[in-house]
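Here's the structure we're looking at; comments come further down.
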2 protein chains.
Amino acid sequence: MKAKGEKIRERIVEAANQLIYKKGFNAMSFADVAAVVAITKGNLHYHFNNKESLLQAVVEMRLAAIRQQLILWDAEFSEPKQRLKRFLQMLLNEQNELVRYGCPMGSLNMELAKQQTDLLNISRELFDAYLPWLERQFLLLKIKQSEQKARHFLSMAQGAALMCHVYHDQAWLLQECVVIEQWLDSLP
Amino acid sequence: MKAKGEKIRERIVEAANQLIYKKGFNAMSFADVAAVVAITKGNLHYHFNNKESLLQAVVEMRLAAIRQQLILWDAEFSEPKQRLKRFLQMLLNEQNELVRYGCPMGSLNMELAKQQTDLLNISRELFDAYLPWLERQFLLLKIKQSEQKARHFLSMAQGAALMCHVYHDQAWLLQECVVIEQWLDSLP
DNA sequence: GTCTATATGCAGATAGAC
DNA sequence: GTCTATCTGCATATAGAC
């Protein structure tokens with residue numbers, strides 16, 4: 001538990017986090033990560049045996065951030081609809097990154113979904129962190145089929161992120177956010 | 001234009017098409033394609049210099065299929081809403097493949113969107129083939145903001161395909177199709 | 001056209017000196 | 001812990017015989 005040892009681990013995970021988002025998990029190499037952290041590949045392998053353990057660490061870091069964020073939103077807004085709109089606001093706040101690199105969750109899960117089952121099981125936890133929270137908001141609104149509503153909300157957000165990314169088109173994202181917000185407002 | 005030469009080319013493109021869908025473009029190797037077609041890697045390189053030309057050929061094949069399909073749908077249904085519902089029916093018809101491998105368009109574009117700009121420009125043509133057709137249907141319905149409606153429709157479909165793929169969950173897809181159809185019915 | 005053989009590069013991963 | 005050196009495997013791609 002040496003302080004310095006912990007620090008380098010954090011720097012590695014942070015570098016991997018950025019590289020996974022900007023290059024994709026498969027395109028990211030140990031050499032890439034080592035270069036950013038300014039250590040050698042061999043040293044990096046001392047800290048993380050393989051790519052899977054690196055992914056695990058990155059996902060855990062993201063999970064901690066997501067959970068903290070949701071707690072914050074719960075405290076910040078008492079109205080469930082306001083909380084859901086805060087979720088949409090997040091898309092707008094990060095519109096530049098979304099257009100360039102896609103959704104950090106969606107793009108990673110999509111990349112791992114085709115064949116790499118073990119890795120997908122790890123990255124899917126990111127969605128799992130959001131879904132119950134979303135469902136709870138619809139439950140609080142006393143809306144029927146709250147699970148289905150949560151899924152629809154998340155689906156629409158992912159679809160918007162995917163399309164605006166493929167077309168590098170901010171306008172697409174903005175318009176989708178408007179439509180999703182209208183859908184929220186149309187609910188009882 | 002020798003018949004036999006054309007035939008092997010078609011077999012290569014068909015094999016690549018399947019492998020790109022089921023394994024992903026980057027995970028697919030020349031060795032994979034050669035094995036399916038039962039030729040050697042060297043021979044495959046004689047027909048396609050590099051992966052980009054293979055992708056180009058695959059996309060062109062898919063484009064031809066899409067265009068033919070849209071012409072068919074136009075002939076089959078006179079009502080624009082029926083045509084759009086036929087699009088949703090396609091998702092249901094291929095639900096097993098969607099759950100396993102995702103949307104052939106969406107997963108390919110997502111994979112290429114992060115860094116490989118040249119390849120993305122090729123694969124995006126697939127979306128470009130659908131979008132004007134979708135917009136035309138909303139135009140025929142005399143619906144305002146038909147372009148935005150087409151984008152929303154496609155976004156929702158892509159979101160549904162992504163989520164049902166990541167969760168390997170047919171129910172997710174089915175429910176989203178129901179919701180999207182309700183959205184269509186709610187339009188004037 | 002199709003093959004074998006090979007060049008080249010980079011990936012993930014390991015061994016062992018310091 | 002961090003380094004250098006190296007192994008192994010597989011990828012794209014090319015050369016040249018048949």
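All chains are named by letter (A, B, ...) in the order of the sequence lines, taking the proteins before the strands, and each is independently numbered beginning at 1. In this text, all values refer to a predicted model and were calculated from it rather than measured experimentally.
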- [ ] Would you indicate whether the side-chain heavy atoms of Asn26(B) and Asn26(A) approach each other to under 4.5 Å?
- [x] no

- [ ] Ignoring backbone atoms, establish whether Asn43(B) has a side-chain N or O less than 4.0 Å from OP1 or OP2 of dG1(C).
- [x] no

TODO: Specify the separation, in whole Å, of atom CZ of Phe48(A) and atom C1' of dG1(D).
DONE: 14 Å

Open item on the list: Taking only side-chain N and O atoms of Thr40(B), does any of them lie within less than 4.0 angstrom of OP1 or OP2 on dT2(C)?
Closed with: no

Task: Length of the line joining Arg9(B):CZ and dT2(C):P, which is rounded to integer Å - done: 13 Å

- [ ] Answer yes or no: does atom CZ of Arg100(B) have more than 12 heavy-atom neighbours from other residues, nucleotides or ligands under 6.0 Å?
- [x] no

TODO: Would you give a per-nucleotide map of nucleotides 12-18 of chain D, 5' to 3', where B means the base has a protein non-hydrogen atom under 4.0 Å away, S means only the sugar-phosphate does, and - means neither?
DONE: BBB----

Open item on the list: Test: ring pair (Phe, Tyr, Trp, His ring centres under 6.0 Å). Region: residues 103-129 of chain A. Which pairs qualify, not counting sequence neighbours?
Closed with: none

Open item on the list: How many whole angstroms separate atom CD1 of Ile12(B) from atom C1' of dT2(C)?
Closed with: 11 Å

- [ ] Would you indicate which nucleotide in dT2(D), dT2(C), dC3(C) comes nearest to any side-chain atom of Ile39(B)?
- [x] dC3(C)

TODO: Please name the pair of heavy atoms, one in Arg124(B) and one in His168(A), separated by the smallest distance, quoted to 0.1 Å.
DONE: NH1-CD2, 4.0 Å

- [ ] Give the nucleotide from the list dC3(D), dT2(D), dT2(C) with an atom nearest to the side chain of Tyr46(A).
- [x] dT2(D)

Less than 3.5 Å apart, which donor and acceptor atoms pair up between the side chains of residues 27-38 of chain A and the rest of the protein, not counting sequence neighbours?
{"unit_1": "Ser29(A)", "atom_1": "OG", "unit_2": "Ala31(A)", "atom_2": "N", "d": "3.4"}
{"unit_1": "Ser29(A)", "atom_1": "OG", "unit_2": "Asp32(A)", "atom_2": "N", "d": "3.1"}
{"unit_1": "Ser29(A)", "atom_1": "OG", "unit_2": "Asp32(A)", "atom_2": "OD2", "d": "3.2"}
{"unit_1": "Asp32(A)", "atom_1": "OD2", "unit_2": "Lys23(A)", "atom_2": "NZ", "d": "3.0"}
{"unit_1": "Asp32(A)", "atom_1": "OD2", "unit_2": "Ser29(A)", "atom_2": "N", "d": "3.0"}

Task: Atom-pair distance (CZ on Arg11(B); C1' on dG1(C)), nearest Å - done: 13 Å

Open item on the list: Between the side chains of Asp74(A) and Arg86(A), is the shortest nitrogen-to-carboxylate-oxygen separation below 4.0 Å, so that they form an ion pair?
Closed with: no

